[in-house]
**Student:** 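I have a structure here, written as structure tokens, and I will follow up with some questions on it.
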Amino acid sequence: MAPSRGTQAVNSPALQAALLKYLVEHRGVRAKARQVIVVPSAQAAIELTARVVLNANDLAWLESPGYSGARAALEAAGARVAGVPLDGGGIAIGERSDRPRLIFVTPSHQYPTGRLMPVGRRHELVAFAERTGAIIVEDDYDSEFHYDGRPVAALQGLDESGGVFYVGTFSKSTFADIRVGYVVVPEGYVDMFAQAQRHSGQLAALPVQDALAEFIDE
């Protein structure tokens with residue numbers, strides 16, 4: 001299916017294709033180009049996702065310690081945010097009886113501890129989300145700088161149910177002044193995100209998007 005007219009107006013097809021190629025090759029992401037929503041920053045991607053998927057009083061899990069910007073975005077969307085402690089493998093679900101609507105994690109370089117979530121824990125987290133109907137927001141913070149060898153595949157690439165939203169940015173690997181982030185959304189959410197993006201004004205300048213696409217391709 002071709003992108004809607006609204007999606008074409010705010011997301012550069014060239015950048016969507018370039019980002020997808022990079023993410024497939026280097027992070028194991030599985031998606032179509034139209035699922036890549038381009039926004040001004042990773043924070044904007046988190047805020048947009050919270051706006052679309054959460055209802056008032058929904059429960060959201062956040063790593064503890066974790067990213068305060070994510071807490072702010074989730075609370076602004078009306079969520080009840082519960083901090084979930086970490087162990088050596090990252091967020092420790094354990095035998096918790098509460099059931100969240102959303103789980104926010106930074107598995108590739110946990111913020112602020114820098115821990116890497118191992119493959120086994122990633123599979124456990126994805127399976128838990130599939131079983132309970134939770135959605136996962138995967139902030140792939142600093143992933144391009146974290147690995148000495150072959151990187152661990154993103155949670156998004158392990159997911160079979162369409163419940164992972166993958167957030168990233170190129171602000172650290174290109175230039176700090178380039179304000180471009182993105183979120184790869186499940187296919188069923190593309191139209192909702194396009195509408196919410198236009199209404200919220202979370203837009204990245206198209207000339208900057210096209211220039212970044214050329215940079216990535218080269």
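The figures that follow rest on heavy atoms only: side chains count, while hydrogens, waters and symmetry mates do not.
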**Student:** What are the two closest heavy atoms between E138 and Q156, and how far apart are they?
**Tutor:** OE1-N, 3.0 Å
**Student:** Do D159 and R122 meet the salt-bridge criterion of a basic N to acidic O distance under 4.0 Å?
**Tutor:** no
**Student:** Which is it for N11 and Q197 under the side chain to side chain donor-acceptor pair (under 3.5 Å) test, yes or no, and what are the steps along the way?
**Tutor:** CA-CA 10 Å; N11 296 292; Q197 184 181 24; 3.2 Å; yes
**Student:** Working to the nearest 0.5 angstrom, can you tell me the gap between S68 OG and Y111 OH?
**Tutor:** 6.0 Å
**Student:** Nearest 0.5 Å, what's the CG-CD distance between L23 and Q35?
**Tutor:** 11.5 Å
**Student:** What heavy-atom pair brings V10 and R198 nearest, and what distance separates the two atoms?
**Tutor:**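 Scanning both residues, the minimum pair turns out to be CG1-CG, 4.4 Å.
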**Student:** With sequence neighbours excluded, give me every salt bridge (charged side-chain N to carboxylate O under 4.0 Å, His left out) pair touching residues 71-89.
**Tutor:**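 Every salt bridge (charged side-chain N to carboxylate O under 4.0 Å, His left out) pair that includes a residue of residues 71-89, provided the two are not neighbours, is R71-E75, D87-R121.
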**Student:** Kindly give the heavy-atom pair with the smallest separation between A77 and A50, and that separation in Å.
**Tutor:** CB-O, 3.7 Å
**Student:** Assess the residue pair F104 and L102 against the criterion (side chain to side chain contact (heavy atoms under 4.5 Å, CB included)); give the C-alpha distance rounded to whole Å, side-chain angles, the decisive distance to 0.1 Å, and a yes or no.
**Tutor:** CA-CA 7 Å; F104 179 89; L102 182 150; 4.2 Å; yes
**Student:** Mind checking side chain to side chain contact (heavy atoms under 4.5 Å, CB included) for V208 and listing every partner two or more places apart, or none if nothing turns up?
**Tutor:** I178, V180, A205
**Student:** Not counting sequence neighbours, which residues clear ring-ring contact (aromatic ring centres under 6.0 Å, His included) with F165? List them please.
**Tutor:**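 Residues passing ring-ring contact (aromatic ring centres under 6.0 Å, His included) with F165: Y189, F193.
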**Student:** Cation-pi between R96 and W61: NZ/CZ under 6.0 Å from ring centre and within 45° of the ring axis?
**Tutor:**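 Yes, cation above the ring, under 6.0 Å and within 45°.
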**Student:** To check you understand the geometry: which heavy-atom pair defines the closest contact between T113 and P65, and what is its length?
**Tutor:**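 Scanning both residues, the minimum pair turns out to be CG2-CG, 4.1 Å.
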**Student:** Give the C-alpha distance, both sets of side-chain angles, the deciding distance and a yes or no for side chain to side chain contact (heavy atoms under 4.5 Å, CB included) between Y166 and D140.
**Tutor:** CA-CA 7 Å; Y166 178 93; D140 212 16; 2.3 Å; yes
**Student:** Got a donor-acceptor contact below 3.5 angstrom from the E130 side chain to the G163 backbone?
**Tutor:** no
**Student:** Donor-acceptor pair, distance only, cut-off 3.5 Å: does the side chain of E124 make one with the backbone of V119?
**Tutor:** no
**Student:** Test side chain to side chain contact (heavy atoms under 4.5 Å, CB included) on K21 and I216 and set out the steps.
**Tutor:** CA-CA 9 Å; K21 182 175 184 293; I216 294 170; over 6 Å; no
**Student:** Is it true that D139 and Y67 share a donor-acceptor pair across their side chains at a distance under 3.5 Å?
**Tutor:**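 No donor-acceptor contact under 3.5 Å links the two side chains.
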**Student:** What distance do L48 atom CG and H199 atom NE2 have between them, rounded to the nearest 0.5 Å?
**Tutor:** 12.0 Å
**Student:** Which residues pass the side chain to side chain contact (heavy atoms under 4.5 Å, CB included) test with V24, not counting sequence neighbours?
**Tutor:** L20
**Student:** Going by the salt bridge (charged side-chain N to carboxylate O under 4.0 Å, His left out) test, which pairs reach into residues 200-218, not counting sequence neighbours?
**Tutor:** none
**Student:** Look up atom OG in S200 and atom CD in E47, then write down how far apart they are to the nearest 0.5 Å.
**Tutor:**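 So the gap between those two atoms works out to 9.0 Å.
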**Student:** Could you measure the distance from the NE2 atom of H123 to the CG atom of L155? Nearest 0.5 Å is fine.
**Tutor:**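 Interatomic distance, H123 NE2 to L155 CG, rounded to 0.5 Å: 9.5 Å.
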**Student:** Can you name the closest pair of heavy atoms from Q43 and A70 and give their distance?
**Tutor:**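 In this case the closest contact between Q43 and A70 is OE1-N, 4.3 Å.
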**Student:** Measure the CG-CD1 distance between L19 and I37 for me, rounded to the nearest 0.5 Å.
**Tutor:** 11.5 Å
**Student:** Let me check something: do L59 and I136 share a hydrophobic cluster, defined by ILVMFWY side-chain heavy atoms less than 4.5 Å apart, either directly or through other members?
**Tutor:** yes
**Student:** Strictly by modelled atom types, are R115 and T106 linked by a side-chain donor-acceptor pair under 3.5 Å?
**Tutor:** no
**Student:** Under 3.5 Å, side chain of Q209 to main-chain N/O of L15, donor-acceptor pair present?
**Tutor:**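 A pair under 3.5 Å: no.
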**Student:** Give the intermediate values and the outcome of side chain to side chain contact (heavy atoms under 4.5 Å, CB included) for residues S64 and V84.
**Tutor:** CA-CA 5 Å; S64 180; V84 180; 5.8 Å; no
**Student:** Excluding sequence neighbours, so at least two apart, what forms salt bridge (Lys or Arg N to Asp or Glu O under 4.0 Å) with R99?
**Tutor:** none
**Student:** Could you check whether any side-chain heavy atom of V137 comes within less than 4.5 Å of a side-chain heavy atom of I103, counting everything from C-beta outward?
**Tutor:** no
**Student:** Which heavy-atom pair separates A134 from P100 by the least distance, and what is that distance?
**Tutor:**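 For A134 versus P100, the nearest heavy atoms are CB-O, 3.4 Å.
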